[in-house]
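I have placed the structure first, in the form of structure tokens, so that the comments after it can refer back to it.
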2 protein chains.
Amino acid sequence: MDIKILDVAAKAGVSSATVSRVLNNNENVSARTKFKVMQVIREMGYQPNTAAKNLRSQKTSTIGVIVPEINNSYFAEIVKGVENKAYASKFKVIICDTENSLEKEQEFVKLLLNKSLDGLVLVTPLMTNEEICHLADLHYAIGVVGRCVEHEQIPCVVTDNVSFSKEVVSHLVERGHRHIAFLSGYADAVDSYERLEGYLKGLREHHLPFRPELIENGNFNERGGYEAMMRLVKRQAGFTAIYTANDEMALGVYWACSELGIRIPEQLAVVGVDNQRIGRYITPGLSTVSQPKTRMGRAIVEKLLARLEHQELVGERIVMIQSELIIRGSSNHYIC
Amino acid sequence: MDIKILDVAAKAGVSSATVSRVLNNNENVSARTKFKVMQVIREMGYQPNTAAKNLRSQKTSTIGVIVPEINNSYFAEIVKGVENKAYASKFKVIICDTENSLEKEQEFVKLLLNKSLDGLVLVTPLMTNEEICHLADLHYAIGVVGRCVEHEQIPCVVTDNVSFSKEVVSHLVERGHRHIAFLSGYADAVDSYERLEGYLKGLREHHLPFRPELIENGNFNERGGYEAMMRLVKRQAGFTAIYTANDEMALGVYWACSELGIRIPEQLAVVGVDNQRIGRYITPGLSTVSQPKTRMGRAIVEKLLARLEHQELVGERIVMIQSELIIRGSSNHYIC
DNA sequence: ATGAAAGCGCTAACAC
DNA sequence: GTGTTAGCGCTTTCAT
């Protein structure tokens with residue numbers, strides 16, 4: 001059997017309470033005793049039993065993180081930030097890759113209820129805001145990334161969709177474009193909606209008319225982008241630039257253009273969002289918006305751990321992370 | 001305070017032992033009692049406390065997985081397999097992204113010692129085989145992916161580096177190549193070594209001489225591949241094809257070729273390993289070897305959980321996962 | 001088939 | 001500054 005605290009206590013000639021105090025850096029231990037105990041701990045290779053500690057202290061030093069798919073660089077980067085920050089605070093991280101299954105997500109949430117987890121990070125969750133708020137009402141510590149949930153005690157890390165989308169429009173206008181199409185993702189995604197909003201605000205700022213026939217939906221994936229672009233072209237609406245709500249759809253646009261013989265950027269400027277690695281390798285390089293994903297992960301953990309420590313949220317509830325427009329060949333061309 | 005097993009017992013008019021039996025699907029409970037207890041559990045929304053359960057049963061239903069970097073599709077896919085399989089068996093997964101820090105890796109291993117984890121999966125670990133074997137000697141459940149550790153009780157999931165490398169050579173020979181260069185990763189990496197071995201065996205099989213001046217090291221990254229290719233060319237060794245130990249270095253070769261005006265595949269055939277997504281988008285498409293990463297993750301968890309259940313390893317200790325050669329434009333050209 | 005009771009290994013309130 | 005001790009909430013003999 002393993003060594004337990006009483007074994008250490010016996011060998012060090014003190015009580016288990018004193019050993020516990022040493023382990024938990026309690027003030028009330030003389031330097032001499034502390035030294036002695038530490039020495040015995042090292043000698044015996046003692047490791048405090050986590051389950052016993054958790055049971056007694058009603059804490060686990062563990063948080064969960066739920067992502068739709070871990071094998072997607074966007075989420076993997078966020079998870080990295082979560083793990084790194086948690087590790088720095090001696091917290092463990094249990095992951096859940098839901099594969100877009102609401103059921104699996106809800107199943108995982110039970111780890112909060114059965115006290116396997118001190119807190120939970122939801123990255124673009126499938127659950128409704130009501131469900132999330134309900135958990136927070138029950139005083140569970142929740143943090144959300146990529147969506148804004150209206151609840152006093154829920155910190156949210158979001159991106160500045162509206163602001164960078166306006167920036168994209170400004171950039172295109174500056175290059176001489178006046179007819180800019182927009183490809184959204186699924187209609188009900190917040191990111192989609194907010195990027196559309198930013199696009200519209202950008203147009204207004206530059207006194208450009210909003211033309212509904214220049215809006216299409218591409219479901220956030222490559223094929224969807226391809227098909228949306230085909231529909232747009234067939235409509236003969238006339239546009240010289242396209243802003244796609246993510247890089248994936250931009251790839252679909254590239255694909256469509258190569259089939260249709262449309263030259264990028266001379267005949268069509270393209271700007272995406274996500275700064276996927278591929279964008280740097282395709283020709284021409286894809287202009288895009290870069291979001292500091294790892295930092296987003298770190299930020300939400302910071303908020304969550306503070307909430308855990310002080311029993312309530314501290315500081316700003318909503319953390320908006322600034323993104324950066326990266327201009328590459330696909331939109332870096334002046335038209336007259 | 002939360003509801004505990006005694007509350008359920010009281011309300012159901014039974015003892016806590018009976019409730020526990022129901023929860024753990026023990027045979028010795030009458031159908032009637034079981035039904036009644038289940039009903040009360042549901043009514044009260046009872047959730048068994050994990051820490052108490054863990055403490056009492058000396059198990060955690062949790063495994064750890066250590067990867068060098070989670071934000072790398074190769075490892076992310078493996079983690080996905082690990083998580084999916086674990087979830088299917090009601091196990092939780094704690095991740096550790098070491099960022100190639102041996103220290104962090106060793107720190108994480110302590111979770112095994114302090115009983116936070118029932119088992120641990122090491123993906124291309126930094127630790128020495130000795131360290132890993134030592135843990136296994138102490139009867140901790142360990143699984144290794146991407147490296148073969150010689151220990152009775154350690155299951156290993158590895159790829160068929162030698163065999164697919166031979167296949168790559170055969171493919172190139174079939175296209176008419178007789179002077180094939182090889183770019184290895186870091187010299188001490190097993191993958192590097194085995195791929196080199198397969199390359200050499202492939203040459204022998206086709207009665208081609210081994211020419212040491214055609215071997216270079218590119219550190220598994222893009223820049224390294226670029227520099228290695230430059231050295232190779234400067235050497236004027238004369239070769240018409242190059243096999244790089246991963247796709248990353250192949251990208252470096254593309255880069256070098258574009259600077260040097262070498263046409264792929266007409267003047268140089270290129271084959272990589274990993275089937276990174278980028279390979280499909282660059283021009284010409286990169287021939288590569290695809291490894292079923294998610295399946296590797298599932299496989300090691302399967303082994304590990306079986307080992308946990310039966311207290312010892314069952315079935316094959318070494319699982320070799322078959323890879324697939326994907327031929328794209330970069331090598332699909334016959335030379336005379 | 002069910003209940004009583006003894007811990008699992010630790011922490012913290014209380015006593016000295 | 002240190003020791004004693006009572007649990008944390010569950011599982012599992014051992015009775016019955």
Side-chain angles (χ1 to χ4, degrees), chain A residues 1-41 44-62 90 110-118, chain B residues 1-41 44-62 90 110-118:
Chain A
M1 212 43 218
D2 302 271
I3 294 130
K4 32 201 97 157
I5 202 169
L6 272 173
D7 302 326
V8 175
K11 188 154 183 187
V14 296
S15 73
S16 67
T18 298
V19 178
S20 176
R21 287 191 189 99
V22 171
L23 287 168
N24 298 287
N25 282 310
N26 188 305
E27 309 281 79
N28 298 323
V29 189
S30 74
R32 232 174 112 270
T33 312
K34 185 168 178 173
F35 181 80
K36 173 71 182 163
V37 170
M38 300 253 270
Q39 191 178 331
V40 173
I41 287 176
M44 306 182 82
Y46 167 71
Q47 290 285 344
N49 181 297
T50 306
K53 195 179 164 119
N54 290 352
L55 175 58
R56 183 57 231 230
S57 62
Q58 306 280 38
K59 288 180 199 158
T60 62
S61 296
T62 306
K90 302 195 180 305
K110 290 198 182 138
L111 296 185
L112 264 182
L113 312 189
N114 69 30
K115 305 284 185 293
S116 288
L117 260 31
D118 288 345
Chain B
M1 214 40 222
D2 303 89
I3 294 130
K4 32 200 98 158
I5 203 168
L6 273 174
D7 302 327
V8 175
K11 188 153 181 187
V14 298
S15 75
S16 66
T18 299
V19 177
S20 177
R21 289 192 187 97
V22 171
L23 286 168
N24 297 289
N25 283 312
N26 188 305
E27 310 280 81
N28 298 323
V29 189
S30 74
R32 232 173 112 270
T33 312
K34 185 169 180 174
F35 181 80
K36 174 70 182 165
V37 170
M38 300 252 271
Q39 192 177 331
V40 173
I41 286 175
M44 305 182 81
Y46 169 71
Q47 291 285 346
N49 181 297
T50 305
K53 196 180 163 114
N54 290 351
L55 175 56
R56 185 53 231 234
S57 62
Q58 305 281 36
K59 287 178 198 158
T60 62
S61 295
T62 306
K90 301 193 180 305
K110 290 199 182 139
L111 295 185
L112 264 183
L113 313 188
N114 69 30
K115 305 285 185 290
S116 288
L117 261 30
D118 289 345

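Letters A, B, ... are given to chains in the order of the sequence lines, protein chains preceding strands, and every chain is numbered from 1. Values below: all heavy atoms of this structure, side chains included; hydrogens, waters and symmetry mates excluded.
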task: Compute the angle between the rotation axes at the two ends of the helix from C/dA1-D/dT16 to C/dC16-D/dG1, each taken over five pairs, rounded to 10 degrees.
output: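 The value is 30°.
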- prompt: So what does A/Asn49 hit on the nucleic acid, given a heavy-atom distance under 4.0 Å: a base, only sugar-phosphate, or nothing?
  reply: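 Sugar-phosphate: the residue A/Asn49, judged by heavy atoms under 4.0 Å, touches backbone atoms but no base.
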- prompt: How would you label the contact of B/Asn24 with the nucleic acid (heavy atoms, under 4.0 Å): base, sugar-phosphate, or nothing?
  reply: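 Answer is sugar-phosphate: B/Asn24 comes under 4.0 Å of backbone atoms only.
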Using whole Å, what does the distance between atom [atom2] of nucleotide [N] and atom [atom1] of [X] come to?
| X | N | atom1 | atom2 | result |
| --- | --- | --- | --- | --- |
| B/Glu27 | C/dT2 | CD | P | 13 Å |
| A/Ile5 | C/dA12 | CD1 | C1' | 12 Å |
| B/Asn28 | D/dT11 | CG | P | 16 Å |
| B/Asp7 | D/dC8 | CG | C1' | 14 Å |
| A/Lys34 | D/dT2 | NZ | C1' | 15 Å |
| A/Lys115 | D/dG9 | NZ | C1' | 12 Å |
| A/Leu23 | C/dA12 | CG | C1' | 14 Å |
| A/Asn25 | C/dA12 | CG | P | 13 Å |

Answer yes or no: does a side-chain N or O of [X] lie under 4.0 Å from OP1 or OP2 of [N]?
| X | N | answer |
| --- | --- | --- |
| A/Ser30 | D/dG1 | no |
| B/Thr33 | C/dT2 | yes |
| A/Lys53 | C/dG9 | no |

- prompt: B/Ser57 or B/Val29: which one's nearest nucleotide on DNA chain C is closer to the 5' end?
  reply: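 The residue mapped nearer the 5' terminus is B/Val29.
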query: Of B/Gln58 and B/Ala31, whose closest DNA chain C nucleotide lies nearer the 5' terminus?
result: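 On the 5' side of the pair lies B/Ala31.
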Taking the minimum atom-to-atom distance to the side chain of [X], which one of [options] wins?
| X | options | result |
| --- | --- | --- |
| B/Leu55 | D/dT2, C/dG9, D/dG3 | C/dG9 |
| A/Tyr46 | D/dG3, C/dC10, C/dT11 | C/dC10 |
| B/Arg56 | C/dG3, D/dT4, C/dA6 | C/dA6 |
| B/Ser15 | D/dT2, D/dC10, C/dG3 | C/dG3 |
| B/Ala52 | C/dA5, C/dA1, D/dG9 | D/dG9 |
| A/Ala17 | D/dG3, D/dC10, D/dG1 | D/dG3 |
| B/Lys4 | C/dC10, D/dG9, C/dA5 | D/dG9 |

Over all heavy atoms of both residues, which pair between [X] and [Y] is shortest? Give the atoms and the distance, please.
| X | Y | value |
| --- | --- | --- |
| B/Val40 | B/Ala12 | CG2-CB, 3.8 Å |
| B/Tyr46 | B/Leu23 | CE2-CD1, 3.7 Å |
| B/Leu6 | B/Ser16 | CD2-CB, 4.0 Å |
| A/Asp7 | A/Asp2 | OD2-O, 4.1 Å |

- prompt: Does the base of C/dG3 carry an N or O that pairs as donor and acceptor with the side chain of B/Arg21 under 3.5 Å?
  reply: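 It does, because a donor-acceptor pair links the side chain of B/Arg21 to the base of C/dG3 below 3.5 Å.
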query: Does a side chain donor of either A/Thr60 or A/Asn54 reach within less than 3.5 Å of an acceptor in the other side chain?
result: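 No, because no side-chain N or O of A/Thr60 sits under 3.5 Å from a partner of the opposite role on A/Asn54.
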query: Measuring from A/Lys110:NZ to A/Leu117:CG, what's the distance to the nearest 0.5 Å?
result: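 A/Lys110 NZ to A/Leu117 CG: 14.5 Å, rounded to 0.5 Å.
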query: Between atom CZ of B/Arg21 and atom CD of B/Glu27, what is the distance when rounded to the nearest 0.5 Å?
result: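 One finds 12.5 Å between CZ of B/Arg21 and CD of B/Glu27.
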Qualifying residue, where the test is side-chain contact (heavy atoms from CB on, under 4.5 Å) with B/Val29 and the options are B/Val22, B/Asn24, B/Val37: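 Option passing the side-chain contact (heavy atoms from CB on, under 4.5 Å) with B/Val29: B/Val22.
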